[in-house]
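Quick notes on the structure that follows.
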Amino acid sequence: MRKIYDFQSSLDRIPLEEMDLYPNSRDDTVAYLAGFRAILLDVETREALFALVRTFFPLDPRTNRGRPGMDLLVIVLLAGLKQATNCDYDRLTLWANDLAVLRQMMGHGSEDPKRY
């Protein structure tokens, strides 16, 4: 029952085009997030990426069954961030729960209580 991404917009969600990614930062986390945002904004590249990901996580056609898990976008984003920054799972969990820019890219608004 995995979705690619929850495209239903909420009032406190910031669109990808308007996200402030600290353009003067030299941090590798920000560089990765800027590159991932560029992939998401380019429709052709995004579709090619998720076509590849769907081979590993086949979508279940029975949407009324199963437990809703993380969206495929969040899985790819966090897995790539872990590889790009060579961080451990504790740091990745901290970033996923508390780094505002990363939470915005994962589709969470400022008032979203979801934790990883």
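Residue indices begin at 1 and follow the sequence shown. No hydrogens, no waters, no symmetry mates; every other heavy atom, side chains included, goes into these values.
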Might you work through the side-chain contact (heavy atoms from CB on, under 4.5 Å) test for Leu40 and Phe50, ending with a clear yes or no?
CA-CA 10 Å; Leu40 292 179; Phe50 286 114; 4.1 Å; yes

Closest non-hydrogen atom pair between Ser25 and Asp27, with its separation
OG-N, 3.2 Å

Between Lys114 and Arg103 the two heavy atoms that sit nearest each other are O-NH2, 2.8 Å

Counting only heavy atoms from other residues, nucleotides and ligands, does the tally under 6.0 Å from CZ of Arg115 exceed 12?
yes

Same hydrophobic cluster for Leu41 and Val101, using side-chain heavy-atom links shorter than 4.5 Å among ILVMFWY?
yes

With the 4.5 Å side-chain cut-off for hydrophobic clustering, are Tyr116 and Leu102 part of the same group?
yes

A side-chain contact here means heavy atoms from C-beta on lying under 4.5 Å apart; do Leu73 and Phe36 qualify?
yes

Give, for atom CE of Met106 and atom CH2 of Trp95, the distance between the pair rounded to the nearest 0.5 Å.
12.5 Å

Find the distance between CZ (Arg54) and CG (Leu49) and round it off to the nearest 0.5 Å.
9.5 Å

Pairs under 3.5 angstrom only: tabulate donor-acceptor contacts from the side chains of residues 74-90 to other protein residues two or more places apart or in another chain.
residue, atom, partner, partner atom, Å
Lys82, NZ, Cys87, O, 3.1
Thr85, OG1, Leu81, O, 2.7
Asp88, OD1, Arg91, N, 3.0

